[in-house]
Amino acid sequence: MILPVHTIVRSQLQHTLSQTFGLPESDQPPIVIEMPPRRALGDLAVPVAFELARRLRKAPRAIAQELAAALGSLDGIARIEAAPNGYLNFYLDRRAFVMARLGDAYRQAQGEPVEQTTVADKAIVEHTAINPNKAAHIGHLRNSALGDSMARLLRFQGRPVEVQNYIDDTGVQVADVVVGFSQLEGRDLTGVRALSDDPGVRFDYYCWDLYAKVTEWYEGDAERLKVRAAAMHDIEAGGNAMAEMGAFIADRIVRCHLRTMARMNVDYDLLTWEGDILRLQFWTKAFEELKALGAVFLQTEGRLAGCWVMKIEDGQTAESDAPSDDEFGHDREAGAERGKEAQAERGNDSREKVIVRSNGTVTYVGKDIANQFWKFGLLGRDFHYRVFDDRGGRPLWATSSTPTGDGGNAPPFGRASAVYNVIDSRQAYLQELLKQALGAMGFAQQAEASTHFAYEMVALSHATARELGYADEEGLGKPFVEVSGRKGRGVKADDLLDRLITTATGEVMARQPDLPPADARAIAESIAVAAVRYFLVKFSRGKVIAFDIKEALSFEGDTGPYLQYAVVRANNIFGKLRERDGVTAESIADHLDALSPAALVEGEEADELWGLVLEASRLDEIVDSAVRALEISHLAKFTFTLAQSFNTFYHRQPIMREEREDVRLWRAAAVAYCKRQLTRSLELMGCSVPTRM
RNA sequence: GCGUCCGUAGCUCAGUUGGAUAGAGCGUUGGCCUCCGAAGCCAAAGGUCGCAGGUUCGAAUCCUGCCGGACGCACCA
């Protein structure tokens, strides 16, 4: 891990700037620490001299030289050099660095905590939230892969995390399937139950098709939409056959989703059911307070007469209000001025969002506001809780409208200090309203801590759409074909996983003919999951993924299996090393104590070896960057690049047949650390490492 | 019309809060398995970073305008 070194360098620089240069910390530019392009230039680089050149009326080079001299000797730093162009370059004490990292690895292997970075504040990550009326598809997987990784990254940083999955069991989509069963198929609850209990039927797949049929049925005659409205009304009211059927379908489909997600190594702490929010009247409570504060008011005229509405503040309020730490910024004033002008222009047509309809029912936004308030512990009410699934002794909790026998054992849910809602970017506008509602209620801090983790949708490439038999008449001009649950157009998550597993099993058996089929299958599952999950997080979140089956089925190049393969190779080295020399990855540090560090510090091979260790150490820095930017792709890219570096090293610097013991052991040490960091990175992306491939 | 996001190699994409010579994967071409596993490695070819201005010692990155594309702006969720 590299961040502790950053901390030392940064604080020493700040100290020196204030002591030697007379610049108080509040007056210093932010100290950026980067990585030089070539190892010969050092291990860490700081371009601060450029920033100071004008202020101090000196050449960057001269400033860098003075800084280098004034810094003196730093813990863990071998030497500091001022580059001719003005960079301040730091060379680490390689031996000390490696020994410390390996010590960490060893302690962690023993199950001891390495760093105590625990922050008390809990973060809630809400993701998945698939309508419980049909099978999960590839688009849903992107949400879950991103959300699950985000939770893992936060935990990596030492933050307590609660993962919630919001279940919209009272929405129009469940109602549609209820209509399908009752109107198109003439089934009652008993009939639906029989269907879902039939082992020959995949219930979520069945509903997938039924949902598409209902959509067609509506299109046949607009009058039929009244049937849907009636079903929705019944479901919200409760205590009738439609509501019972809806509840049954939602329960069964959620269990299907959980099974699918479990295959992907995606897990939750709590299922939040929208029906419970309604029945426990969370909204009523939030509504009272919003009314009292005037944040929501009754519109008496115009087309929205009779509705309770909230004013929409246009523009990017969240961003422009954020305090900038850019002391050297040039455009902040100008930017604020422009923002004001723009807002004045828009002032006239300020819009209103309906929160409570004129018929008295609450919109989705209203329910979501109440839920968001609850997440922060601001509602003054709580759910009851029930155990939804035993999961072999690790209970999965769900909300409940009524007290249950298990309720007393439930952990304290909600009351978080930060909330990440993983929802596709089409809902950015609604998510902005949530922040506004919090702000309007005087909870500025919580508004600031409400994060919309927005990502773009997954579409299908033309080739894949054709392969699946979808006529792409409407997508001809576009670069991709949109998926549509309504039309039943998309790639089901389980189908995709099954195909990947089949392909991977073939690959494994071709390479490992002696492997029992069950083992080959288990390995193939690990490979398949890595392939999908890596594919879904390697793109930055703002980019539409044009999903292509052929590309996703590929196991070569920038793919999950490539990463796994690198670790498998590294593990193989240690398998042989242990057998022949009794050296293990965990005990490698003990073998190094008495050795000369020449193989680590002298010559080109040493530079390459050291470069691998240094690169591997950046995992914590990358995780920070990923969390800050909400970009799991940063971690994906880091892992891939590290795997590439490892593969290069693997080919260039053999270990088993290296005869010089010190060289062999230092190389092994680099591999031990590298494979540990790769394994950790893969874990953060929800991927495991197979024993063989 | 307004707002948000996107535009980088033939294709798909990175580019870490403005920094040292713009990088990967796929595809193409050519090499490497008596040598820790070739799901790998090495090499070659491939670029007006959408366009035009501006700020800066320095811009793919920040600002303005334009062009092209996606999405959003419901008494749907």
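Order of the sequence lines fixes the chain letters, A, B, ..., with proteins taken first and strands second; residue numbering starts at 1 for each chain.
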Partners passing side-chain hydrogen bond (donor to acceptor under 3.5 Å, both in side chains) against A:R667 (at least two apart in sequence or in another chain) | A:E605, A:Q653, A:E658
Tabulated below should be each protein N or O lying under 3.5 Å from an N or O of nucleotides 31-35 of chain B; please produce it.
from	atom 1	to	atom 2	distance (Å)
B:rC35	O2'	A:R657	NE	2.2
B:rC35	O2'	A:R657	NH2	3.2

Contact class for A:Q512 vs. all strands (heavy atom < 4.0 Å): base, sugar-phosphate, or nothing?
-> base
Listing time: all N or O pairs from protein to nucleotides 68-73 of chain B that are below 3.5 Å?
from	atom 1	to	atom 2	distance (Å)
B:rC73	O2'	A:R351	NH1	2.1

B:rA39 phosphate, OP1 or OP2, under 4.0 Å from A:Y565 side-chain N/O | yes
Residue met sooner reading RNA chain B from 5', once A:V568 and A:D168 are mapped to nucleotides | A:V568
Between A:G171 and A:I527, just flag the one whose closest nucleotide in RNA chain B comes earlier from the 5' side.
-> A:I527
Presence of donor-acceptor pair under 3.5 Å, side chain of A:N647 and base of B:rG40 = no
Please list every stem that involves RNA chain B, where a stem is a run of 3 or more consecutive Watson-Crick or G-U wobble pairs with both pairing distances under 3.5 Å.
-> B:1-7 with B:67-73, B:10-13 with B:23-26, B:28-32 with B:40-44, B:50-54 with B:62-66
Who passes side-chain hydrogen bond (donor to acceptor under 3.5 Å, both in side chains) against A:R664, sequence neighbours left out?
-> none
Assign A:A636 to base, sugar-phosphate, or nothing according to its heavy-atom contacts below 4.0 angstrom with the strands shown.
-> nothing
Determine: side-chain N/O of A:Y562 to OP1/OP2 of B:rC41, distance under 4.0 Å, yes or no.
-> yes
Side-chain donor or acceptor of A:N89 under 3.5 Å from a matching atom on the base of B:rA20?
-> yes
When you compare B:rA9 with B:rC5, how far apart are their C1' atoms, in angstrom units rounded to a whole number?
-> 24 Å
Whole-angstrom distance between B:rU16 and B:rG27, as gauged at atom P = 27 Å
Can the ring centroids of A:Y562 and A:F640 be said to lie less than 6.0 angstrom from one another?
-> yes
Pair A:Q431-A:N421, side-chain hydrogen bond (donor to acceptor under 3.5 Å, both in side chains): steps then yes or no | CA-CA 8 Å; A:Q431 287 293 309; A:N421 291 326; 3.2 Å; yes
Base B:rA20 paired with A:R38 side chain (donor-acceptor, <3.5 Å) = no
Which nucleotide in the list B:rA20, B:rC57, B:rC75 gets nearest to the side chain of A:L41?
-> B:rA20
Rounded to whole angstrom units, what separation is found between the CG atom of A:L433 and the P atom of B:rC75?
-> 12 Å
Quick test: give all pairs of protein nitrogen or oxygen and nucleotides 23-25 of chain B nitrogen or oxygen below 3.5 Å, distance rounded to 0.1 Å.
from	atom 1	to	atom 2	distance (Å)
B:rA24	O3'	A:Q644	NE2	3.2
B:rG25	OP1	A:Q644	NE2	3.2
B:rG25	O2'	A:D558	N	3.4

Is any side-chain nitrogen or oxygen of A:R628 closer than 4.0 Å to OP1 or OP2 of B:rU16?
-> no
